[in-house]
Amino acid sequence: MDRAPAGSLHAAAVLPAGGSGERLGGSIPKQFCTVLGRPLICHTLESFERVTWIKDIVVVVASENLDLMKTIVNKYGHKRITVVVGGETRHRSIFNGLKVFLDGQSLGSVIQKPEVVIIHDAVRPFVEEDILLQVAISARQYGAAGAVRPLVSTVIASSPEGCLDHSLERAKYRASEMPQAFLFDIIYQAYLKCTEYDLDFGTECLHLALEYSNTKAKLLEGPPDLWKVTYKRDLYAAESMIKERLSQHLCIITNINEEAIEVGFQLHENLKHHISHVKAISLSMYKTVQDLQNIFHGECYNFICINVKESDLEETCKLVDLLKNGKVTTSYPLVVISIHLTVPNCCSSDTQTLTGIRQLAKEAKKSNILVYGLLITYSKEHLEDDASRLQESVCEGSSIITALIKVRNPALLGQIMTV
Ligand SMILES: Nc1ccn([C@@H]2O[C@H](COP(=O)(O)OP(=O)(O)OP(=O)(O)O)[C@@H](O)[C@H]2O)c(=O)n1
Ligand SMILES: O=P(O)(O)OC[C@@H](O)[C@@H](O)[C@@H](O)CO
C-alpha cells in the first residue's frame, strides 16, 4: 500500500549502475546478471516502481551498456525510468545522474528537479518502501539521511609493517548502506564543490554532504536486507531470498467433486506446516484473475489445481489461461501444479494422456508460468479401505509440492511426479 510521505514531497531516485562488477568475476557486470530469469537490476527497479511517490527513476550505466539498459527497460516494461551515461567511478556516475534533473529542464524534458533525491546502488535489490520513506522524510528535515547497519566484523588499522596498529570499538561504528536521500541542492552543490580526488576515490555521498554542504546526515538503522551484491555468493543469496519470498503463499483450487475436496482439505492441512499462507478455494469462487489476486492481495505466485480425472487437464488449462490473459503483471515466475487423482493399479495408458501437460507447460513457460504435474493415488472406495494410505500419499505429495514451489526448477516443467 502506498503511503504518500508527510506533505507529499516531490522525490526522485538515482540508481548508479555503471560499474563493471570486477569482484563478482562474471562475464557481464553484476547488475545485468540473471536472477530468477531477469537481470538483477530489474528486481531493484521493481522495488522502486512500487513506490508511487518517487516520480522519476534515473539509472546511470556505462556508455557501452546504454542500449542494453534501454532494451531491458522496454522488455520488462519498467516505467518512470530515464537512462543516462555514467562515469569512470561511482561518484562520477551519481553526479551524471543528478545533472539530468537540471539538464533535463534545459532540454525541456519531463523530468523535474525533485525536492529530495534518493541515491541507491542498483545492485541492492531488496529495498522496501518503509526505509525509502524514512530516508526521504529525514532528508527533508536534516538535509541528508542514510541507512546504516551494525558492523559484522571489527574494523582494525594496520601499521606500515602490516601488523595491527589499533582496532575500533565496533559498537561505536556502523556500516554505511543505501538508500541515502538528500535535499537535491545539498548533494548537487556538494558534487559541484568536491575535488577530483573525491570523485575518483570517494565511496560515501554522506561525507560529501558533510564536507562540502556542511550537512550532517541523519543516520537510520536499516533492515538487514539492504546488502549490496558484490561477490558471486551474493548473487546466489539474492536468488534464494527472492524464491523464499515467492513461496510464502499458496492457493489450492478444487472443483466440487467429493474426492477433490477431500484431497484438497488434506493437502491444505499438510501444506500449512510448510508454507506460511495457504488458502483453498473452489473453482466457482473465481471467474477472473482479479478474484485470484484478491485472495492474497496480489502476493500469490503459487497455485494448485486438483483435477478429478487423471487424464483431464481442463481445469488446469483454464487456470493457466486466466493467469496468462489476466495480465498478471508479475515479473516473477508463477507456479501451477496440476494434481490428478488416479485409482490404484490404473492402466498406464490413462496417465499417458497426461502427456498433454508437457505441451501445456511448454506454452505456459512463454508467459513465465511454471506448470508441473502430480499424480495422487486415491478413490472413494480406496479411502474406505485404507484412509491412512491417502494420508501417506498426501504427506508425500505435500513435500513434493513444497519443493516445486521453493525451487521453481525449470528443468522439471511438464514432468509428472507420482505419490
Ligand atoms: N563507475 C561506476 C562504478 C560503480 N557504479 C555503481 O555503483 C554501485 C556500487 O558499486 P560497486 O558495488 O563497487 O559496483 P562495481 O564497481 O561494479 O563493483 P566492483 O568494484 O567489484 O567492480 C553499483 O551499482 C555499480 O554499478 C557506477 O554506477 N559507476
Ligand atoms: O564501495 P563500493 O564501490 O563497493 O560500493 C559503494 C558503497 O561504498 C556504498 O554503497 C556504501 O558505502 C554507502 O555509501
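In listed order, ligands and their atoms are each counted from 1.
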Under-4.0 Å salt bridge between Glu211 and Lys193:
no
Just say parallel, tilted or perpendicular for the rings of Tyr76 and His78, cut-offs at 30° and 60°.
tilted
Report the nearest protein non-hydrogen atom to atom 28 (O) of ligand 1: residue, atom name, distance rounded to 0.1 Å.
Gly18 N, 2.7 Å
Just let me know how Lys228 lines up against ligand 1, side chain, backbone, both or neither, with a heavy-atom cut-off below 4.0 Å.
side chain
Before accepting this row, confirm whether a basic side-chain N of the pair Lys30/Glu22 lies closer than 4.0 Å to the acidic partner's carboxylate O.
no
Option among Lys228, Arg124, Arg149 that satisfies the salt bridge (charged side-chain N to carboxylate O under 4.0 Å, His left out) test with Glu177:
Arg124
Could you identify the single nearest non-hydrogen protein atom to atom 22 (O) of ligand 1 and state the distance to 0.1 Å?
Glu22 N, 2.8 Å
Do side-chain atoms of His43 reach the backbone of Val35 as a donor and acceptor pair under 3.5 angstrom?
yes
Which option out of Thr203, Thr89, Leu24 puts a heavy atom nearest to atom 2 (C) of ligand 1?
Thr89
Atoms of ligand 1, numbered as shown, that sit under 4.0 Å from any heavy atom of Glu88
1 (N)
Electrostatic pair Glu46-Arg50, nearest N-O below 4.0 angstrom
yes
Carboxylate-amine/guanidinium proximity below 4.0 Å for Lys70 and Asp67:
no
So between Gly86, Gly19, Gly26, Ser20, whose heavy atom ends up nearest atom 26 (O) of ligand 1?
Gly19
If we number the atoms of ligand 1 from 1 as shown, the ones under 4.0 Å from a heavy atom of Val123 are 23 (C), 24 (O)
Among all protein heavy atoms, pick the one closest to atom 6 (C) of ligand 1 and tell me residue, atom and distance.
Pro16 O, 3.6 Å
Looking only at distance, does Gly21 have an N or O less than 3.5 Å from an N or O of ligand 1?
yes
First locate atom CD1 of Ile119, then atom CZ of Arg90, and finally report the distance between them rounded to the nearest 0.5 Å.
8.0 Å
Tell me whether the centres of the aromatic rings in His120 and Phe48 are closer together than 6.0 Å.
yes
Does at least one non-hydrogen atom of Gly87 fall below 4.0 angstrom from an atom of ligand 1?
yes
Against heavy atoms of Ser93, which atoms of ligand 1 measure under 4.0 Å?
1 (N), 2 (C), 27 (C), 28 (O), 29 (N)
Check each protein residue for a heavy atom under 4.0 Å from ligand 2 and list those that pass, ordered by chain and number.
Arg23, Arg90, Asp121, Arg124, Ser176, Glu177, Met178, Gln180, Thr203, Glu204, Lys228
Using distance alone, with no hydrogens and no angle criterion, decide if Asn255 and Ser282 have a side-chain donor and acceptor under 3.5 Å apart.
no
Flag yes if more than 12 heavy atoms outside Lys362 fall under 6.0 Å of its NZ atom; otherwise flag no.
no
Take Tyr332 and Arg245 through the test side chain to side chain contact (heavy atoms under 4.5 Å, CB included) and record every step on the way to the result.
CA-CA 11 Å; Tyr332 301 118; Arg245 287 186 183 184; over 6 Å; no
Atom 13 (O) of ligand 1: which of Gln31, Arg90, Arg23 has the nearest heavy atom?
Arg23
Centroid-centroid distance, Tyr212 to Tyr191, less than 6.0 Å:
no
Heavy atom of the protein closest to atom 8 (C) of ligand 1 (residue, atom name, distance)
Asp121 OD1, 3.5 Å
Nearest protein heavy-atom contact for atom 18 (O) of ligand 1: which residue, which atom, what distance?
Lys30 NZ, 3.5 Å
Within a distance under 4.0 Å of any heavy atom of Ala122, pick out the atoms of ligand 1 and give their elements.
24 (O)
